[in-house]
Each structure stands twice: as C-alpha cells, then as structure tokens.
Amino acid sequence: MGTQIGKLLVKCRQEIDYTDLYGKKVGIDAYNLIYAFLAPIRYQQTGGGYLTDSEGNVTSHLSGLFYKLTNWLPNNIRPVFIFDGKPPTFKEAEIKTRQEKKKEAVLKREEALAKGDLESAMKFAAVTSKITPQIIDDAKQLIEYFGLPSIQAASEAEAQGAYMVQEGSLDAMASQDYDSFLFGSPEVIRNLTVTRRRVATKDGLIELAPEKVNFNAVLQELQFTNRDQLILLGLLVGTDYNPKGIKGIGPKTALKLVHKYPTPKALFEYLTAKYPQNEIFPFPPQMLLDYFRSPDVTESLQFKIRKPQLSKITEFLVEERDFTKTRIENQLKRMVVTRRKIKQKVDQQSLDRFF
DNA sequence: CGGAGGTA
DNA sequence: TACCTCCGG
C-alpha cells in the first residue's frame with residue numbers, strides 16, 4: 001500500500017541528513033532488504049544469474065549488505081535487523097500470488113535465455129529472487145561480524161519493529177511504505193535502504209535523501225484523530241492482506257470515505273450496505289483491523305550493538321565467499337577513515353552548541 | 001546496489 | 001565535476 005497512501009502524504013515528510021540519524025537505532029525489515037539486493041545484483045553476462053562463490057553459494061546480498069553497512073556505520077546509524085517469523089494465516093493468499101509471479105518470471109527468463117536475449121532475461125531474473133536458508137544464514141553471519149543485531153520477529157518484521165519503536169528500544173523503523181504506521185510506529189525513516197534511481201521531474205536521475213515521517217504528522221495531514229482511521233484508509237486502498245483494496249477506491253476516495261465514516265463500525269456498515277455480496281475483503285475487515293491493532297509481537301527483545309570485527313568480515317567474505325581481498329580491505333579502510341572524520345565533526349558541533 | 005574507471 | 005557503463009563472486 002506504500003505508493004498508494006504516499007500520494008496523500010506530502011507535508012508530513014521531512015527530508016533529513018545522515019547526521020540526523022547519528023546514534024539512532026533503526027529497525028530494518030531484513031527480508032525486504034535482502035530482496036532489494038537479490039533483485040538487481042546479478043550478472044548481465046549470464047542473463048541475470050546471481051553472484052555466487054565457487055561452491056555456488058549466493059553472494060549478491062552479501063555484496064549489497066557489505067556496501068550498505070560500510071556506508072551506514074560511519075554515520076553511526078545503528079541498524080537492527082528484524083527477520084520475519086511465521087506469516088499470519090491471512091497473508092497466505094498474497095504469498096501464493098507472489099510465488100506464482102516468480103514461477104512465471106522463471107519461465108519467461110528461460111524463454112529469453114533460449115533466444116539469447118540476455119537483456120530480457122536480466123529483467124525477468126529480478127523478479128525470480130527467492131530467499132533460501134543459506135542466504136539468510138550468510139546474511140546473519142555478516143551482520144554479526146559487523147557487530148549488529150539480528151532479531152527474530154514472532155510474525156511480521158514490520159509489526160515487530162513498530163512495536164519496538166513504541167516500546168522505545170528502537171528510534172524508528174526504516175521503510176519505503178507506510179505499513180509500519182498502521183502497526184503504530186511513531187516514526188519511520190524512508191529512503192534509507194534505497195539510493196540512486198527514481199526519475200526526477202525534469203531530466204535525469206536524482207539521489208533520494210532520507211526522510212523522516214512522524215506518526216502524528218501523518219494523522220495531522222490526513223486530518224485523522226486516531227490510528228484506527230489510518231488502518232481503515234489502508235484497508236480501503238489495500239494492504240499486504242488485501243492487496244487489491246476495494247475496486248474503484250483510490251487514495252482520494254478512501255480519504256473522503258474515512259472522513260465521512262470515521263469509525264470502523266460506521267465504515268464497515270457503509271461498505272456492507274453498498275457491496276452486499278461482501279466480496280470486497282478476502283477476510284472480514286474487523287479481523288484485519290484487529291490484526292493491525294495488536295499483531296503478534298515479542299515483548300522486550302534484548303539486543304546488543306558491538307564494534308565491527310574487521311578481520312572477521314574480511315576472512316568471511318574473502319576466504320569463504322571468494323570476494324576480492326583488496327576490494328574488501330579498501331572499503332573497510334574507507335569506512336574507518338570516514339567514521340573518524342564524521343565523529344570529529346559531530347564532536348565539534350556538540351562542543352560548539354555547548355558554548 | 002554501489003564502486004571503479006573511463007569519458008566529456 | 002558530472003555522467004555513463006560495466007562489473008562484482
């Protein structure tokens with residue numbers, strides 16, 4: 001539902017600088033991020049095969065993670081990786097749909113490969129990404145060597161993260177969409193996990209600056225008085241659990257409807273009256289509302305943030321996963337140097353503020 | 001995706 | 001410096 005509701009949220013987005021995230025603990029939906037690396041980090045020559053080591057272990061995500069972390073850590077951002085647990089039963093339909101799309105993309109890629117059309121093959125390959133236990137284990141290994149926590153959500157990572165921000169153990173959830181807000185996260189950072197890309201209004205590409213979005217600012221912009229209304233808006237335009245939303249209802253109409261029927265009871269009554277067959281939701285809307293209100297989460301999860309173990313990172317990537325030693329070492333060196341520079345700058349700033 | 005290395 | 005294209009494991 002990310003892009004849908006995004007159209008309604010303009011004023012509440014506040015562009016920020018990396019220094020604004022200094023020392024901030026930010027929840028990361030780990031599966032999401034891993035997918036974001038598996039899709040594009042591929043070989044063109046093979047029509048979109050993964051990067052792998054000599055034994056065939058996938059390394060695309062390790063490359064992505066490595067560069068992402070070496071860029072985050074100098075800014076003293078503290079990512080906390082949250083891994084999905086068991087999906088809620090009503091996500092099964094959506095999961096199946098996604099699987100079907102992948103199967104289809106696999107076939108289309110094979111066709112393209114047979115024709116020798118590497119470019120098309122590459123495009124289809126991006127859709128085929130599948131996370132395996134090996135991919136997860138390696139990601140966790142690298143994350144650990146970077147001194148960062150991997151935590152296990154009871155169910156949805158977004159929900160777990162949103163809970164932890166409310167609880168105060170995290171400062172914000174990093175996300176591209178607004179689902180975390182439906183789960184009640186007080187703060188979301190956008191554009192942290194993606195850079196580059198996005199077409200500028202006039203010409204060329206534009207680098208996306210990170211944005212901070214506060215829950216209260218979202219409510220204010222939408223002129224809502226409570227989280228239920230935000231959830232209702234989501235249900236109308238679509239969420240992971242009813243991805244299609246309601247046919248014919250886009251963000252603008254949805255907003256009007258929630259203003260007109262500002263309680264779940266009123267809105268659901270309106271909907272059942274208007275759509276008597278009641279085929280608009282794959283599940284009773286009350287059930288989805290209740291899920292967003294109180295998803296399955298684990299309370300008071302403990303985690304520790306440590307110093308990165310540079311030699312372990314190098315050893316793992318170079319010795320075990322066939323990365324080029326000089327690349328890894330140079331990048332780590334750069335991380336350390338940048339870290340020092342930024343630390344000096346921040347220390348100076350806080351000194352200046354003090355006087 | 002992000003970096004390297006080339007070109008304008 | 002800005003942009004482009006190729007490549008990484």
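As the structure is a computational prediction, the values presented were derived from the model and not from experiment.
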Near DNA chain B, counting only heavy atoms under 4.0 Å, which residues of residues 128-138 of chain A show up? none
Heavy-atom nearest pair, A/Ile41 first then A/Leu51, reads O-CD1, 3.8 Å
Using atom CG of A/Leu38 as one end and atom P of C/dG8 as the other, report the distance to the nearest whole Å. 18 Å
In plain terms, say whether A/Arg98 and A/Glu94 are close enough for a salt bridge, that is, a side-chain N and a carboxylate O under 4.0 Å apart. yes
Which atoms form the tightest heavy-atom contact between A/Thr314 and A/Leu332, and what is the distance? OG1-CD1, 3.4 Å
Do A/Tyr35 and A/Ser129 touch side chain to side chain, with heavy atoms closer than 4.5 Å? yes
Residues, nucleotides or ligands: over 12 heavy atoms within 6.0 Å of A/Lys24 NZ: yes
The correct set of residues in residues 317-334 of chain A placing a heavy atom under 4.0 Å from DNA chain B is A/Gln331, A/Arg334
Could you tell me how far apart A/Met335 (CE) and B/dG2 (P) are, to the nearest whole angstrom? 16 Å
Can you tell if the side chain of A/Leu271 reaches within under 4.5 Å of the side chain of A/Leu236, non-hydrogen atoms only? yes
For a quick check under 3.5 Å, do A/Gln134 and A/Asp138 share a side-chain donor-acceptor pair by atom type? yes
Would A/Gln286 and A/Asp290 count as having a side-chain donor-acceptor pair, cut-off 3.5 Å? yes
For A/Leu289 against A/Leu235, the heavy-atom pair lying closest together: N-CD1, 4.2 Å
Just to be sure I understand the geometry, which residues of residues 41-71 of chain A put a non-hydrogen atom under 4.0 Å away from DNA chain B? A/Ile41, A/Tyr67, A/Lys68, A/Asn71
A/Ser175 versus A/Glu158, side-chain donor and acceptor atoms under 3.5 Å: yes
Can you measure A/Tyr35 atom OH to B/dC1 atom C1' for me and round it to whole angstrom units? 17 Å
